[in-house]
Amino acid sequence: MRQKLVAGNWKLNGSLAMTRELIGGIRAGMGEVGAAEVAVCPPYVYLPLAQGLLEGSAIRLGAQDVCDHDSGAFTGEVSAPMLEEVGCHYVIVGHSERRSLYGDTDELVARKFEAAQRGGLVPILCVGELLEEREQGITEQVVGRQLDAVLERVGAAAFARAVVAYEPVWAIGTGRTATPDQAEAVHVFIRERLRALDPGVADGLRILYGGSVKGGNAAELFAQPNIDGGLIGGASLQADEFLTICRAAG
Ligand code: 13P
C-alpha cells in the first residue's frame, strides 16, 4: 500500500508573515488529515523559518528546485546539502515552469535529480505535456522522454527514493483539471514504464497528480488506483483549502 502524499508548491509566493500563518494553520488542522503524508515547499529564503515552525509535527519540508552541483562558483544557486541542512526532505525537480521559463532541459533535470539524492533528499520529479502535445496525441512520447532522461542517468533503482508528479502543463494554474480518467491513464503509463525495468520499484513508486487540484476535485482524483496524492499550487496557499485536499487523501 502506497501512503498518499500531498505536497504544497508555494511557487513565488509568501512572506515571513504568510509562512508563519500558513504553516500555523496547516499544523492546527493536521489532526483531521488521517493517513496522508503532508509536505510544504516554500521559497528558499523561508525554509529555515519553516523548519522551526514545523518542528515536532509530521509535516515534511521541501524545496522547489536545486542546483546540479554541491558547491562552488555557481552564483545564485542553492545545493542539496544546503537544503538538507535546513531540514528539507523533498525537492521538486523539473517543474514545468523551470523547464519552460528557465531553460531546464531533460538532461539538467536528470543531473538535479541525481544531485538531490546525492545530498540525501527525495526528488519529486515533475513531468507533463503541453496542450499542443496532447492535441497532437504525443503525451506518452513527451512524458516517456522526460522520464527516460532521468532513468538513463540514475537507473530504475533510484526511483525507490523518489516521487514522480504528473503535471499536464495545460492544467497548471488554469482551473482546467485533467479528468480522473485522463490523469489515471498517464499515471499507468508512467508506472508501466518503470515496471518494465524494475517491478518492485514500480509498485512502490508514488505518482502524484498536479494541475488545478482543489478541495472540490481532489477526492475523485485520489480515488484512482494509480494517483497517489497531489502536488498543489494555488490551493496550497490557503490552509483551509489545502487541508481539505489533505483530508481527501487521508
Ligand atoms: P496549480 O495547482 O496552481 O494549478 O499548480 C500546480 C503546480 O504547478 C504544482 O506544482
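In listed order, ligands and their atoms are each counted from 1. Note that the structure is predicted; figures quoted are calculated from it, not measured.
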Asker: How close does the nearest protein non-hydrogen atom get to atom 3 (O) of ligand 1, and which residue and atom is it?
Answerer: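 Checking every protein heavy atom, the shortest distance to atom 3 (O) of ligand 1 gives Gly234 N, 2.8 Å.
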Asker: Counting only heavy atoms not in Gln136, do more than 12 fall under 6.0 Å of its CD?
Answerer: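 Above 12, so yes.
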Asker: Tell me the closest heavy-atom pair linking Lys4 and Ile227, and the distance in Å.
Answerer: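 Nearest pair, atom of Lys4 first, then Ile227: CE-O, 3.4 Å.
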Asker: So is Lys11 close enough to ligand 1, meaning a heavy atom under 4.0 angstrom away?
Answerer: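 Yes; Lys11 lies near enough to ligand 1 that a heavy-atom distance drops under 4.0 Å.
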Asker: Between ligand 1 and Ala171, can you find any atom pair, the residue atom being a heavy atom, that is separated by under 4.0 Å?
Answerer: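 It does, in that a heavy atom of Ala171 comes within the 4.0 Å cut-off of ligand 1.
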Asker: Assess the side chains of His95 and Gln64: does a donor N or O sit below 3.5 Å from an acceptor N or O?
Answerer: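 The criterion, which ignores hydrogens and geometry beyond distance, is not satisfied for Gln64 and His95.
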Asker: How far apart are the closest heavy atoms of Pro123 and Val93, and which atoms are they?
Answerer: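 For Pro123 and Val93, the tightest heavy-atom pair comes out as CB-CG2, 4.2 Å.
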Asker: Taking non-hydrogen atoms only, is Asn9 closer than 4.0 angstrom to ligand 1 via side chain, backbone, both or neither?
Answerer: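 Side chain only.
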Asker: Charged N to carboxylate O below 4.0 Å: is that the case for Arg195 and Glu192?
Answerer: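 Glu192 and Arg195: salt-bridged.
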Asker: So for Ala235, does at least one of its heavy atoms come nearer than 4.0 angstrom to any atom of ligand 1?
Answerer: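 For ligand 1, residue contact (heavy atoms, under 4.0 Å) with Ala235 is absent.
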Asker: Which atoms of ligand 1 sit under 4.0 Å from any heavy atom of His95?
Answerer: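 Under 4.0 Å from His95, ligand 1 has these atoms: 7 (C), 8 (O), 9 (C), 10 (O).
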Asker: Under a 4.0 angstrom heavy-atom cut-off, which atoms of ligand 1 come close to Gly211?
Answerer: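 Ligand 1 atoms under the 4.0 Å threshold to Gly211: 4 (O), 6 (C).
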Asker: If you have a sec, work out which protein heavy atom is nearest atom 2 (O) of ligand 1 and how many Å separate them, to one decimal?
Answerer: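 Nearest neighbour among protein heavy atoms for atom 2 (O) of ligand 1, to 0.1 Å: Gly233 N, 2.9 Å.
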Asker: Assess the side chains of Trp170 and Glu129: does a donor N or O sit below 3.5 Å from an acceptor N or O?
Answerer: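 Indeed, the side chains of Trp170 and Glu129 share at least one donor-acceptor pair under 3.5 Å.
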Asker: Determine, for Arg2 against Asp203, whether the closest basic-nitrogen to carboxylate-oxygen distance falls under 4.0 angstrom.
Answerer: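 The answer is no: the pair does not qualify as a salt bridge.
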Asker: Which residue owns the protein heavy atom closest to atom 9 (C) of ligand 1, what's the atom, and how far is it?
Answerer: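 That would be Glu167 OE2, 2.9 Å.
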